[in-house]
Each structure stands twice: as C-alpha cells, then as structure tokens.
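Taking it in order: structure first as structure tokens, then the write-up.
The structure presented is a predicted model; accordingly, all values stated were derived computationally and were not measured. Values below: all heavy atoms of this structure, side chains included; hydrogens, waters and symmetry mates excluded. By convention in this document, chain letters (A, B, ...) are assigned in the order of the sequence lines, proteins followed by strands, and residues within each chain are numbered from 1.
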Number of protein chains: 4
Amino acid sequence: MKRKNKKSTDKHRRIIAAAVKVFAKNGFYNSKVSEIARAANVADGTIYLYFQNKDDILITLFEEEMQRILDAMRAAIAEHDDPAEKLKAFAKAHLSLLQSNAELAEIIQVELRQSSKFMKEYHNEKFYEYLNLISSIIREGQEKGVFRKDIEPGIAKRAIWGALDEMSRYWVLSSTRKYSIATAADEISSYFLRGMLAA
Amino acid sequence: MKRKNKKSTDKHRRIIAAAVKVFAKNGFYNSKVSEIARAANVADGTIYLYFQNKDDILITLFEEEMQRILDAMRAAIAEHDDPAEKLKAFAKAHLSLLQSNAELAEIIQVELRQSSKFMKEYHNEKFYEYLNLISSIIREGQEKGVFRKDIEPGIAKRAIWGALDEMSRYWVLSSTRKYSIATAADEISSYFLRGMLAA
Amino acid sequence: MKRKNKKSTDKHRRIIAAAVKVFAKNGFYNSKVSEIARAANVADGTIYLYFQNKDDILITLFEEEMQRILDAMRAAIAEHDDPAEKLKAFAKAHLSLLQSNAELAEIIQVELRQSSKFMKEYHNEKFYEYLNLISSIIREGQEKGVFRKDIEPGIAKRAIWGALDEMSRYWVLSSTRKYSIATAADEISSYFLRGMLAA
Amino acid sequence: MKRKNKKSTDKHRRIIAAAVKVFAKNGFYNSKVSEIARAANVADGTIYLYFQNKDDILITLFEEEMQRILDAMRAAIAEHDDPAEKLKAFAKAHLSLLQSNAELAEIIQVELRQSSKFMKEYHNEKFYEYLNLISSIIREGQEKGVFRKDIEPGIAKRAIWGALDEMSRYWVLSSTRKYSIATAADEISSYFLRGMLAA
DNA sequence: CATGAATGAGCTTTCATTCAT
DNA sequence: AATGAATGAAAGCTCATTCAT
C-alpha cells in the first residue's frame, strides 16, 4: 500500500461519509457541495477530483453503500435453511442494518424515490438485487412446499420490502421507539408468514 | 358568494392542478414556479396572491388532495361490515385511487418522504389520518375476534400501508403492468389476512 | 409606443452600450457579466432576460454595431461615382468611424479575430459584407476601365482592409496621434490607387 | 553545459512548443495550463519552474518565436540590394513564414491584438522591430530615390504589415486556398510598389 | 386583483497556482 | 528538479420572490 493510494482512497471515503451525513440532514437538493467539503475536511475543488459532480456523489454513495448492505443481507440469509426462517432473518437484518445506518436509511428512503431528472435515468440495479433477494427466498419456499404456490413472488417481494421499509422509516423519523427491532421484525414476519386472521 | 370569490377559488384550483402536473413531472426541486404559472395560465406573481411561497403550494396540495382521498377511502370502507372485507376494500381502493391519480401518487410517493428542511417541520396530519384508517380496521377486527389479539395495530398499519404504497409505486413507475389492480389488491390482502405459508 | 416596449428596448441598448465599454476595457474574457450589469445599471439577472449568455452579448453587439457601420459606409460610398473616389471615401469613412467609436473599434480589432470556441462557430456575415463593399468598388472600377483588369478583387479587398484596419488599430492604441485622419486616409488610398490605376 | 542545464532547456522548449499548439487550438483564455503540461509531457507544477505564470508562457513564446522570425526576415531581405526587391522579398517571406508556422501565425493574429489586462502592459518590442524592418526598407528606398519622398514610412509600414497580415489571416483560417503564396505576395507587393515608385 | 419585468442572493463548477513529498 | 494532489477564489447563471403599473 503506497501512501498516495491510501490517501486517495481515504479522501474518497471521507467525502462519501460526509455526503451521507449532509444529504441525510438536508436532503439532496438542500445540500451544498461546499458543506460536504467542509464536513469531509477537504477543499471544495477536491470533491471534483473524486466525483464528476454533485449527482455523481449521490449515485456513487448508493452503489457503494447498497453493495455493503447487500453483502450483509446475503450473509444473514445464508445462515438459515428454512425459507420461513430466511424471511424472518431478512426482516431482522433489514431493520437492524437500517437502524444502525440511520443516515443512510434516510437517504435511501428519500432519494431512492426521487424522480428528479437524473434519478429517472439512473437505473438502480443494486436496489433490484436487493428486492430479488426476497423473491428468491419466496421461490425457494414454494419449491420446498413451504410457501403457497399461488403467491406471486413479483408482488410479494414488493409488499414485504414496502412493509419493512415503511417500518424502518417510522423508526428513522420518530424519536421515541415503542417497539424493539426484534419485536417489529417478528411481528411483520408473522403477518406475511401466518397472516393476521385469528386461528 | 361574490363572483370575485368564485374567480379566486378557480385560480387557486388551477394552480394546484398545475402544480400536481409539474411536480409529478419534475419533482419539487426541479419544478419552477414560472412553469406552474404557465401551466395554470396565470402570471408568476399571481401565484403569490394565493400561496405564500413554493413550499406552501406543495403543502396545500397535500392537504387538499389527501382530504379528497381520505373521504373516498372512508366511503369505500363504510360499505363493508366485516373487518377482513374492509381491509380488502381498503387495499383495492388505495390502488385504484392512486392509479387513477397517477400524478398525485407520484408526488405522494416522492415528496411525502422528502426530508427537506421544510418537510421535516411540516407535520403531515392527513397522512396520519390515512394510516389510522388502517389501525381502526385492525382494532375493530380484534374487538370482533376476527384478527389476532397479539397484533400491534401501530406496526401493522405501517406494514400494510408500506406494502400497498410500494405496490402502487411500482405501478406508477413501470410502463408494463403484469397484474390487474384487483389481482394485486387481493394478493396483498391475502398475505396479511392468511399469510403466505402453505396450509 | 407603449412604455413597456420602450423600457425593454432601453435596457437592451443600455446593456449593449455597457458591454462595449467593458469589453473594450478588459477584453471579453476578463470582463465579468456583473461588471456589465453594474455599468448598465441593471441587476445581474436582468442581463439574462435580454441575452442568452455572455457570448450572446458579444455576438449581438457585433451584429448590431456592424450593421450601423455598414449602413454608414454604404452612405459614404454612395456619394461618389468615380470608383477611385469611392475608395478614398471608404478609407476616410473607415478611419473616421472607428476613431469616433474607439471602444467598438477595439472590440472589433481584438475579438473579431478571437479563435475561441464560440467565435470559430460564429460566421461573421456582417464582416464579410463589409469586406465585399471593397471588392464591389474594385470590380466596378475594373468594369469602368479605371482599375487594372489583372487585380484580384479577392486579394485586394483583404489588403486594403488590412491596411486600414492596422492603421486604425494604431490609432486606437496609441495615445499621441501624429497624423490626421484625412492625411492617413489619403496616404493609404494613394498607395493603392496609384498602384491600381490603369496606366 | 551540464546535463541538467541541457535537460532544463529541453523542457523549456517542450513547454513552449506545446503552448504554441494549445494556444493556437483554443486561444489563450480557453487553454488550460494542465493541457499544455500534458502536451509537453511534464507535470503541471513543472511549468512553474520555467515560467512565472500562464501569461508568462505567452509572452516568452512571443519573444522567442518573433526573434526567430525576425532573424529569418532579416536574412531574406539581405539577399537583395534594390529596395523594391527587398519589399517583394519581405512580402514573400512574411507569407511563407506564417504559412509554414500556421499555429504560431494563429497566435500572433489573435493574441497579439488581445487587449487583455496583461497584454496592454506588455510592450511588444519584437513586433515593433518587425514593423521597423518595413520602414527601414522604405526609408532606404527614399534615400536611393526609388520611392516617393512624400511617403510617410510610419504610415506605410503599418499599411503594408496590415495588408500582409490580413492576407495571411485569410490563409490561416480558410481551408481552400485560391492563390499561391507567390501570387499573393506579388499581387500585394504590386499594389504598394507601383503606387509608391517615383514616376 | 393581476401582471411580468426586474431583482440579487446563492449555487455549482473550473482551473491557475502551490507545496509536501 | 519534478511531481500532481490539493487548494479555494472567482464567475456565470438560475429562479423564487417582489412591486410598480
């Protein structure tokens, strides 16, 4: 590891970390590049040595952070064999990860949905990979006879993701937290696994 | 009602309608007040006779449109007695309403989550009313013994809303639609009502 | 004449006039739009109501001022019948006009030759019209038997323009002026005329 | 001569050569120091070991290249005794030199006239030497009785230079060349000579 | 009430120059 | 001497908002 290389990587990392903080606090459009620079302890111009423009910071941030989360989710799922357990593990890991990365969660919650000029063009591959983790579990469950065959994985993956995402949004935004992560994850898993009807 | 008042109301309505279109197309931050003015066929300055500023347009838009949707939802639910049927009706109505108000849906999807400086301060009452329609159904179901008593309405309402919302987001954004509204609504209702486990 | 119309025209004129001064003083690239705005007594943003961008100010300035000069030159030439006299009149008028529009002259001298990205694309039609005033005189002279038939109007027009232009450049840039306009114009005319007259 | 010195000189030369190319292509203000560095195969910072700043590159470039041209012109003139022949030789050499140094010509054409803040301060001595080559010829011709006594060398030198310069500008900028150098040089010389010869 | 021309604060981005290595 | 990553001042342009008409 040459020092230069280390330094460069370091600045890149610092800028991304600063951007996470700043975007989470103000939202993308209310964040100034100069504020990110200040938070990263670099000069304004330095940002442009590592990123093409402000949009590129956000996109790179997504790519890199989503990859980290994807990896963590895959590891969490891999610990189980039973598809139902996998789904529970997914729910728990999702809520845990987003809670311990509250700022990143905020950005994903908000900017992921941004329909701004550039976001419409940007095809968020990592997000689709994430969603497909869910449908894979469901399909596996259907093959193993654990899940109903008439479930549409394409609908279910969105329903499950939406439910979890909204839950974590609630957590991120609310100051007081009534329920623990484990409780919420189990609760939500149970809706999907057992339904809400009384037995 | 004097004519002037009527005329004013008309401009107000035209501006809101124009804002829905423009915000949906570009997102809030990429929309220009002048574009809304043009779309509403009024002068730029006229906007400021009816709204305090750009933020106020968005907030008023939410308030008014959400009220319309709330009313429609209440009516849809009121047609049923069985809480399970109410939940199904809610799902169907939600997807129908958002689909037939695609532009409004887009705005709610995107801007509702905006964490921008002003959105953080704005307490979205109508949205909470909307969410509480769901928890009311659940509580009613629990009282009637239709739903499991151990369900947390505060969690469930978010899970259900998130699932439906994500589904409608998918609809709004995707060009090809594999599933009909009825199919999707039934499917999602079934997850929550019966769960996904094989019988 | 409506007042608004008048006001608009006025601002356009004031900005052009200010730009002539500022560009002449600093050159195009060292001139700031804000300085032009200040000189024109308008806000920075107002510039952009009348011009697309900084380049557009320069181009418009060329078009409009060159047109005025073209018109004056045509009038000056039209007063004579003899092509030799026309050429003398052209020389005198050229030097007079540029001297009494010293700032404009400076800009034409300098920026006309700019090879900057935008100037390469901009096809300076007015300048070619101006040059062709000279070749017209020469051709007329050749037809009337006043000028040698073997003169290439395409070369001569450039030689004459170059000679006059360099002379006026000298005037614009130097503080002390040894020769009067009339002297210099006669002198330069004589170089070309006695050389070009049929023996 | 130590090797280091030699090496330094080499870098100086490479930077000047690169600057000629880059300035000719983009003009001074649209040229980036980093582009010159790249073209010269040196680091950005190295430029500042050999030149004080960007302006200094242009000025040094002028000084050195003009000196080369001056030397060549003096040699070309020295081959003739007759002042009329000297003038023809000057015209031919001027056009030849500029044509075979098209990039340098472009810079001289354009930037010589730049009235930018720094160019106004820079007193272009070499250029005056160049101009005075012409007036020397004229004075010599007047002394030898070849040229009319009433010609003002101070005006004539500028007229001749302007005519030639404009002609070469035409050459530099136009892609198709109707006339050969010899033709154009003879043509232009003839305008001035036949006009200036004593009767 | 309505207009829309005018405003000017504020932002992103560039690039000449520096300096630690 | 040479490097090139880092700097940060500077400027063009946008657009929400105002106010004279």
* Asked: Picking from E:dT12, E:dG4, F:dT7, which would you name as closest to the side chain of B:D44?
  -> E:dG4

* **Spacing of B:D56 atom CG relative to F:dA16 atom P, expressed in whole Å** => 15 Å

* Phosphate contact (E:dT3 OP1 or OP2) by B:Y48 side-chain N/O below 4.0 Å -> no

* Structure fact -> Between A:L49 and B:N53, the residue closer to the 5' end of DNA chain F by nearest nucleotide is A:L49

* Asked: When you measure from the side chain of B:K11, which nucleotide among E:dA2, F:dA16, F:dG8 comes out closest?
  -> E:dA2

* To do: Indicate whether the side chain of D:E35 and that of D:N26 have a donor and an acceptor atom separated by less than 3.5 Å.
  => yes

* Asked: What is the pairing partner of F:dA6, taking Watson-Crick or G-U wobble pairs with both distances under 3.5 Å in any strand?
  -> E:dT17

* Using only side-chain N and O atoms of B:K54, determine if any of them is under 4.0 Å from OP1 or OP2 of F:dT17. => no

* Tell me which nucleotide among E:dT17, E:dG4, E:dT7 gets nearest to the side chain of C:V42. => E:dT7

* Asked: How many Å lie between CG on C:N30 and P on F:dA11, as a whole number?
  -> 9 Å

* For A:G45 and for B:T46, find the nucleotide of DNA chain E with the closest heavy atom, then tell me which residue's nucleotide is more 5'. => B:T46

* Structure fact -> To the nearest angstrom, the CD1-P distance between A:I57 and E:dT13 comes to 8 Å

* Asked: To the side chain of C:Y50, which of E:dT12, E:dA2, E:dA6 is closest?
  -> E:dA6

* In the strands shown, is F:dA1 matched to any nucleotide by a Watson-Crick or G-U wobble pair with both distances under 3.5 Å, and which? -> none

* Between A:F23 and A:K54, what is the shortest heavy-atom contact and its length? -> CE2-CE, 4.4 Å

* Side chains of A:Y29 and B:N30: is there a donor and an acceptor less than 3.5 Å apart? -> yes

* Structure fact -> Separation of E:dG10 atom C1' from B:Y29 atom OH, nearest Å, is 15 Å

* Structure fact -> When C:N41 and D:S31 are each assigned the nearest nucleotide of DNA chain E, the 5'-most assignment goes to C:N41

* Please give, in whole Å, the distance from E:dT14 C1' to A:Q52 CD? -> 15 Å

* Among the candidates E:dC15, E:dT14, F:dA6, find the nucleotide nearest to the side-chain atoms of D:K32. => E:dC15

* Euclidean distance, atom CG of residue A:N26 to atom P of E:dC11 [Å, nearest integer] -> 11 Å

* To do: Begin with the C-alpha distance, continue with both residues' side-chain angles, and end with the deciding distance and a verdict on side-chain contact (heavy atoms from CB on, under 4.5 Å) for D:D55 and D:F28.
  => CA-CA 9 Å; D:D55 290 5; D:F28 179 75; 3.3 Å; yes

* Quickly work out the A:I47 CD1 to F:dA5 P distance and round it to whole Å. => 16 Å

* Structure fact -> From CG of C:L58 across to C1' of F:dG12 the rounded distance in Å is 16 Å

* Nearest 0.5 Å please: distance from the NE2 atom of B:H12 over to the CG atom of B:L49. => 13.0 Å

